[in-house]
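Only a predicted model underlies this, so the values are computations on that prediction, with no experimental measurement involved.
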Amino acid sequence: MRSPPLVEFTGERVIPGQVNDDLWSEHVARYAFARRYAQGKRVLDAGCGTGYGSAELAQSAAEVTGVDIAADAVEFARTNYPLPGLQFIESSCTAIPFPPASFDLLVAFEVIEHLADYRAFLVECARLLTSEGLFIVSSPNKRYYSETRAATGPNPFHEHEFEAEEFVRELENVFPSVRLLLQNRVESFAFHPAVSFWPAEARIDGGGGTAEDAHFFIALCSRGPLPEAKSFVYVPKAANMLRERELHVEALLRQLADIKADRQALLELFRQQTRELEQRNQWAQRLDTDLITARDRIVALQQEAAALAAGYQAQVAQMEQQDQAKTEWARKASAELEAKCQELAHCVGLLDNAEATVRERTVWAQTAEAQRAELAAQLEMIRASRWVKMGRTVGLGPDL
């Protein structure tokens, strides 16, 4: 057997098993009320949601069609309520795929306030009903509903909520016959056997209250005459409500005792955490003081570092200037040295030339000395010659 699909309760529609008993009962009660008019009829449940109400109507109707725009809700309904004469269709409530006059009874419970174009929805409902068909529609009382949601805010799924006069006026714009009923949770007493139930009668005393104070509005609408008006009482459970309330109060008292014990434990925990918080705050204050001191020291160190950096930069600049001066001096010295080297090379050349001249003159002097010696020797020979001596005696010959 296929498992039923899961549908998450978001507050937009009722899901069996996912809402409290009170919310479930107020929705089921409307379908129990409408079932009295469904006997042997062709019924359309507009905005059927998860299909529980359509299944209730199918117990009496000839055939029931449930229509909803949510695919997951329609699939849930098909899976959980596979009853004869009951079908579910995915469709918008303002464009339902059926020809005119297809239904004898059309119900729309807690649907109209969800529609932005609710007037088009009312026209569509009139189109689908026979000329004598009955339209049963419900909506929360805007005044009361707003008060109950004062803390949580407006229902995010509601487009337009109605007060009694506006609700009736909008319905009468489409349907000539409209009767407004009120749905309220009431205090009552039930008389019944312990095991089975007999046909029930109801008596309502003390008046029905006012529309301004009602919880929900239920309207019977038709283009023909309306059926006989009868009040209806739906009793979810005919047990001893007083006893249940007493048991509920006892359970609440036990819960309250547990809550008080939990509160005391939480208070003690709060006190302990408060003490720890105070200690941590003191530690944090000391840490803040240390942090401020450290921050001030960091600022001072940064200033000292900046001063040192400036001094180093000045020294580096001075050294760079000195290096530039030394480089210029070295360049000039190198140029002077190059000039001296060239001059020295020139002097060496001159010295070499002088040495060559000396050597040449030395050779010349040596040659001249040799010639002089040879001439001196020849002269001495001439002087020693007897011929010369004889000539000098007589005054003849050279004077040597």
Side-chain angles (χ1 to χ4, degrees), residues 7-15 18-34 44-50 52-54 66-70 73 91-96 106-126 128-129 134-175 177-186 208-222 232 234:
V7 180
E8 180 183 1
F9 177 69
T10 62
E12 185 176 11
R13 54 179 56 85
V14 170
I15 301 172
Q18 296 189 32
V19 296
N20 60 54
D21 291 342
D22 288 342
L23 182 60
W24 173 254
S25 296
E26 73 183 31
H27 281 262
V28 172
R30 299 184 192 105
Y31 286 99
F33 170 77
L44 175 67
D45 184 6
C48 66
T50 51
Y52 61 90
S54 301
V67 173
D68 201 279
I69 197 171
S91 172
S92 167
C93 285
T94 57
I96 299 174
L106 195 155
V107 301
F109 296 140
E110 308 305 289
V111 175
I112 190 171
E113 68 273 8
H114 291 260
L115 303 176
D117 192 1
Y118 60 86
R119 293 188 176 97
F121 169 63
L122 295 177
V123 172
E124 179 71 352
C125 292
L128 293 170
L129 281 172
L134 179 64
F135 176 43
I136 308 178
V137 57
S138 74
S139 187
N141 177 9
K142 177 180 178 180
R143 178 177 298 183
Y144 175 77
Y145 195 72
S146 299
E147 293 175 357
T148 60
R149 295 187 63 90
T152 57
N155 189 322
F157 301 105
H158 287 187
E159 294 287 344
H160 185 83
E161 296 171 356
F162 300 86
E163 293 187 4
E165 291 183 3
E166 181 189 14
F167 188 55
V168 172
R169 184 173 62 252
E170 292 294 340
L171 294 173
E172 287 178 342
N173 288 336
V174 179
F175 296 95
S177 301
V178 175
R179 180 181 295 125
L180 181 67
L181 305 180
L182 310 180
Q183 179 184 350
N184 289 312
R185 179 173 292 276
V186 298
T210 63
E212 289 75 11
D213 297 327
H215 195 172
F216 297 94
F217 302 137
I218 305 289
L220 303 180
C221 311
S222 179
F232 176 75
Y234 173 76

Measure the [atom1]-[atom2] distance between [X] and [Y] for me, rounded to the nearest 0.5 Å.
X      : Y      : atom1 : atom2 : answer
Ile136 : Phe33  : CD1   : CZ    : 5.5 Å
His215 : Tyr145 : NE2   : OH    : 8.0 Å
Ser146 : Asn155 : OG    : CG    : 10.5 Å
Cys221 : Leu129 : SG    : CG    : 9.5 Å
Asp45  : Phe109 : CG    : CZ    : 7.5 Å
Ser177 : Leu134 : OG    : CG    : 10.0 Å

Mind checking what makes side-chain hydrogen bond (donor to acceptor under 3.5 Å, both in side chains) contact with [X], not counting sequence neighbours?
X      : answer
Thr94  : Ser92
Arg169 : none
Asp213 : Thr210

Counting distance only, does the side-chain N/O of Asp68 pair as donor-acceptor with the main-chain N or O of Thr50 below 3.5 Å? no
Derivation and outcome, side chain to side chain contact (heavy atoms under 4.5 Å, CB included), residues Leu122 and Ile112: CA-CA 9 Å; Leu122 295 177; Ile112 190 171; 3.9 Å; yes
Those residues at least two apart in sequence (or on a different chain) that pass salt bridge (charged side-chain N to carboxylate O under 4.0 Å, His left out) with Glu124 are Arg127
Could you pull out all residues at least two apart from Arg119 that satisfy salt bridge (charged side-chain N to carboxylate O under 4.0 Å, His left out)? Glu170
Check [X] against [Y] and note the closest heavy-atom contact, atom names and distance.
X      : Y      : result
Ala34  : Val107 : CB-CG1, 4.0 Å
Tyr144 : Ala214 : CB-O, 3.5 Å
Phe175 : Ser222 : CB-O, 3.8 Å
Pro140 : Glu110 : CD-OE1, 3.2 Å
Ala46  : Leu106 : CB-CD2, 4.2 Å
Ser91  : Ile96  : OG-CA, 3.8 Å

Restricting to ring-ring contact (aromatic ring centres under 6.0 Å, His included), what partner residues turn up for [X], sequence neighbours left out?
X      : answer
His160 : Tyr118, Phe162
His27  : none
Phe216 : none
Phe121 : none

Summary of salt bridge (charged side-chain N to carboxylate O under 4.0 Å, His left out) pairs that have at least one residue in residues 150-167, sequence neighbours excluded: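 Output for this query lists Arg143-Glu163.
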Would you call Phe217 and Val168 a side-chain contact if the rule is heavy atoms closer than 4.5 Å? no
Would a 4.5 Å heavy-atom cut-off, applied to side chains only, mark Gln183 and Glu26 as touching? yes
Could you go step by step and tell me if Phe157 and His114 meet the ring-ring contact (aromatic ring centres under 6.0 Å, His included) rule? CA-CA 6 Å; Phe157 301 105; His114 291 260; 7.0 Å; no
Using 30° and 60° as the class boundaries, would you call the ring planes of Tyr52 and Trp24 parallel, tilted or perpendicular? tilted
